[in-house]
Amino acid sequence: MAKKKGCLNPNCPSHEKRKMYDEAYIRCPDCGEILSYVCKGCYMKLPNGAKTLCVRCEEEKKDKRKLFRKNTGKAFAGAAAIAVVAIKKIVSK
Amino acid sequence: MEDNIIVLQGNKPENQENPEQPKELLFTALRVKMQQTEHAVEKIYSEIVKMVPSLMQIKEATKKGYRLVVDASERLLNDIETGKVKLSVEKDGKIVAQIREANGQYGGKLPIKKEVYAKGLDPVQMANAIQMMAMKEQLDAIEAQIQFIDQSVQDVLQGQQNDRIGLYYSGFALYLESQSVNDKSLKNTLVGQALRSLSESSYQLGLKMQSDIEYLAAGEYKKAKGKSVNLIDSRMDSINQSFGYIHQNFMLRAAIYCNEGELSSMSVVLNEYSRFINQTIKNNADLLSQCDKNDDGTDRGVWHSRKKLQLDTSEIYKKIAEQNKVIYLDFAKEA
Ligand SMILES: [Zn+2]
Ligand SMILES: [Zn+2]
């Protein structure tokens with residue numbers, strides 16, 4: 001995943017709309033301020049060596065993925081049960 | 001003595017909605033000290049002005065090796081009018097004056113005579129005044145920094161209550177109690193207990209904060225599948241709370257020492273606060289800001305601004321530790 005930059009000038013429309021720019025951008029197209037690396041999730045300023053997400057957002061993303069797996073797992077189990085019932089019905093016919 | 005601490009543990013003061021803020025206590029204490037200082041310096045100043053002719057006599061005497069009682073000459077008096085008198089505290093606590101010679105150098109040290117003290121100048125007060133004047137600039141800078149950090153702390157502390165902070169409130173209560181006591185030795189005992197309680201509380205909160213940070217740094221929250229963010233948030237709440245009380249704690253102890261007139265202890269406390277920041281926060285600021293949902297990661301953000309807190313007490317400490325404390329009294333305007 002590519003790192004993103006953002007504008008940290010609190011008075012800039014780019015900052016307000018949390019606009020993200022590619023790494024290659026140096027300055028903000030709206031206000032001219034030097035862009036910083038920002039978290040793709042919460043737009044907080046990240047240190048230069050950091051990933052695309054801050055620690056908290058990265059965990060949040062993983063948490064959601066885990067919850068999603070859990071839920072879809074349950075959905076599969078449910079579908080399987082229905083299938084079994086259907087097969088039983090067919091067999092009993 | 002310990003009983004007092006146990007009894008008071010965990011009880012917030014009654015006036016919880018509008019507590020006397022440690023920061024305010026410290027700032028008030030500093031302001032009072034500064035006013036006393038200015039007053040004392042004015043007194044010293046006016047006494048020195050009166051003394052000048054006799055100082056000149058002593059000067060003559062030391063130069064010539066025998067005591068010569070003369071009136072200061074026109075030329076010498078003129079030197080004083082356009083020059084300065086330097087006051088300093090010697091190692092032994094004696095205060096001496098030095099007069100700047102025509103060549104810009106300060107002449108021999110002239111002891112300030114007993115009669116000056118007899119006129120209501122307290123040597124301790126004078127020494128303190130000299131100390132405070134030397135510290136004034138640094139104190140202003142420190143106030144500004146504390147003011148900034150304090151804002152982020154107050155929000156966190158609203159409505160917090162647990163046993164870890166009991167010692168803090170017991171220290172606070174003991175100190176407030178000491179202020180309403182007239183008996184000097186009882187008062188001292190209470191102040192001592194308050195300080196002990198506060199420093200123990202600060203130590204415990206520091207350990208707790210340290211272990212919370214280590215937990216985050218080691219990524220231990222990852223072990224709970226699907227609940228990592230909850231774990232991060234609850235650790236961050238704990239860290240913010242610990243920091244808040246540690247901040248209050250240092251402010252309160254500095255205020256107590258300032259009120260007690262122990263300025264060097266006050267500077268040690270502020271120094272200790274800076275050291276705590278360096279040891280606990282400085283290297284973890286990036287991690288803490290990324291775990292704190294209220295931090296925007298900028299220099300103005302919660303943790304990077306805390307990281308920068310450096311109460312410049314090394315200067316103060318140096319000045320206090322200096323063998324000679326010096327203030328310059330400008331005679332040019334008055335004479
Ligand atoms: Zn911008
Ligand atoms: Zn984020």
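Here is the naming used below: chain letters follow the sequence lines, and residue numbers restart at 1 for every chain. Quantities reported herein were computed from a predicted structural model and do not represent experimental measurements.
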Margin query: To the closest 0.5 Å, what do you measure between CG (B/Asn230) and CG (A/Asp63)?
Written below: 7.0 Å

Checklist line | Over all atoms of both residues, closest heavy-atom pair of A/Pro47 and B/Gln290 | finding: CD-NE2, 3.6 Å

Check: Heavy-atom count around B/Lys227 NZ within 6.0 Å, excluding the residue itself: above 12?
Finding: no

Notebook entry, point to check: Less than 4.5 Å apart, any side-chain heavy atom of B/Arg300 and any of A/Pro10?
Noted result: yes

Next item on the list: Begin from the C-alpha positions of A/Lys45 and B/His304 and carry the test side chain to side chain contact (heavy atoms under 4.5 Å, CB included) through to its verdict.
Entry: CA-CA 11 Å; A/Lys45 184 190 177 198; B/His304 286 97; over 6 Å; no

Item checked: Within 6.0 Å of NZ in A/Lys51, more than 12 heavy atoms from elsewhere -> no

Check: From A/Cys54 SG over to B/Asp286 CG, what is the distance, rounded to the nearest 0.5 angstrom?
Finding: 11.5 Å

Notebook entry, point to check: Distance from B/Ser228 atom OG to A/Lys61 atom NZ, nearest 0.5 Å?
Noted result: 14.0 Å

Check: If you draw a 6.0 Å radius around CD in A/Glu16, do more than 12 non-hydrogen atoms from other residues or ligands fall strictly inside?
Finding: no

Note to self: Check this for me, if you would: do A/Arg56 and B/Asp292 make a salt bridge, where the nitrogen-to-carboxylate-oxygen distance has to be below 4.0 angstrom?
What the structure shows: no

Notebook entry, point to check: Where do B/Ile232 and A/Glu59 come nearest, in terms of heavy atoms and distance?
Noted result: CD1-CG, 3.6 Å

Check: Who wins among B/Ala224, B/Gly301, B/Ser289 for the most heavy-atom pairs under 4.5 Å with chain A?
Finding: B/Ser289

Note to self: Around atom OH of A/Tyr25, are there more than 12 heavy atoms from other residues, nucleotides or ligands closer than 6.0 Å?
What the structure shows: no

